[in-house]
Amino acid sequence: RASIMGLGATKKVFADAAVMKEQVKEALQRPEYNVTSLYHQKGFCQWVCRSRCWDNTTLFVIFCNAIWLAVDTEINQADLLIESHPIVQVIEHFFCFFFTMEWILRF
């Protein structure tokens, strides 16, 4: 065998096919991660969090929050939230409330 860079150490250029097949086989047999498998099986909170409507609503609120961050950066000149326009405060508190409730419902 030829050594790599003449240091006397030998290393294969190509991976061992049998090892690669075994790794792929293990990866395919591993169960797919799904956070809902960690939820309780009964109750209102797990029912809400497993629903497609909840997922879509959460994604929509995340999208709106991303847009709001850009708008807020442009229009809000106040250093503190309490000094901001009341509409800005209401929107900020809505996002805080929604994401807090999402966290409480999921965990």
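In this text, all values refer to a predicted model and were calculated from it rather than measured experimentally.
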Is there a path of hydrophobic side-chain contacts, each under 4.5 Å between heavy atoms of I, L, V, M, F, W or Y residues, that connects Ile67 with Ile87?
yes

Within the supplied structure, the quantity of interest is the number of heavy atoms (other residues, nucleotides, ligands) at a distance under 6.0 Å from Met20 CE; does it exceed 12?
no

Residues Glu92 and Asp72: closest non-hydrogen pair is OE2-OD2, 3.2 Å

Side-chain heavy atoms of His85 within contact of Ile75, under 4.5 Å
no

Would you say Leu38 has more than 12 foreign heavy atoms packed within less than 6.0 Å of its CG?
yes

Would the distance check show the side chain of His40 and the main-chain N or O of Lys42 forming a donor-acceptor pair, the cut-off being under 3.5 Å?
no

Using the benzene-type ring in the case of Trp, are the ring centres of Phe98 and Trp54 under 6.0 Å apart?
yes

State, yes or no, whether a side-chain contact exists between Arg106 and Thr58 at a heavy-atom distance under 4.5 Å.
yes

What is the minimum heavy-atom distance between Tyr39 and Cys49, and which atoms define it?
CE1-CB, 3.7 Å

Shared ILVMFWY cluster between Ile91 and Met101, side chains joined below 4.5 angstrom?
no

With a 4.5 Å heavy-atom cut-off, do Glu74 and Val71 have their side chains touching?
no

Asn56: partners by side chain to side chain donor-acceptor pair (under 3.5 Å), with sequence neighbours left out
none

Does any part of the side chain of Phe44, heavy atoms only, come nearer than 4.5 Å to the side chain of Val48, both counted from C-beta?
yes

Phe95 with Leu69, same ILVMFWY side-chain cluster at under 4.5 Å:
no

From CA spacing to verdict: side-chain contact (heavy atoms from CB on, under 4.5 Å), Cys64, Phe60:
CA-CA 6 Å; Cys64 290; Phe60 179 72; 3.4 Å; yes

Treating Gln89 as the side-chain partner and Ile82 as the backbone partner, does any N or O pair qualify as donor plus acceptor under 3.5 Å?
yes

Between Gln46 (side chain) and Gly43 (backbone), is there a donor-acceptor pair under 3.5 Å?
yes

Taking the side chain as C-beta and beyond, is there a heavy-atom pair between Glu102 and Val61 under 4.5 Å?
no

Please report the C-alpha distance between Glu22 and Glu26 in whole Å, then the side-chain angles of each, then the deciding distance to 0.1 Å, and finally whether the side-chain contact (heavy atoms from CB on, under 4.5 Å) criterion is met.
CA-CA 6 Å; Glu22 188 62 34; Glu26 288 175 10; 3.6 Å; yes

Hydrophobic cluster membership, with links at side-chain heavy-atom distances under 4.5 Å among I/L/V/M/F/W/Y: are Val35 and Leu59 in one?
no

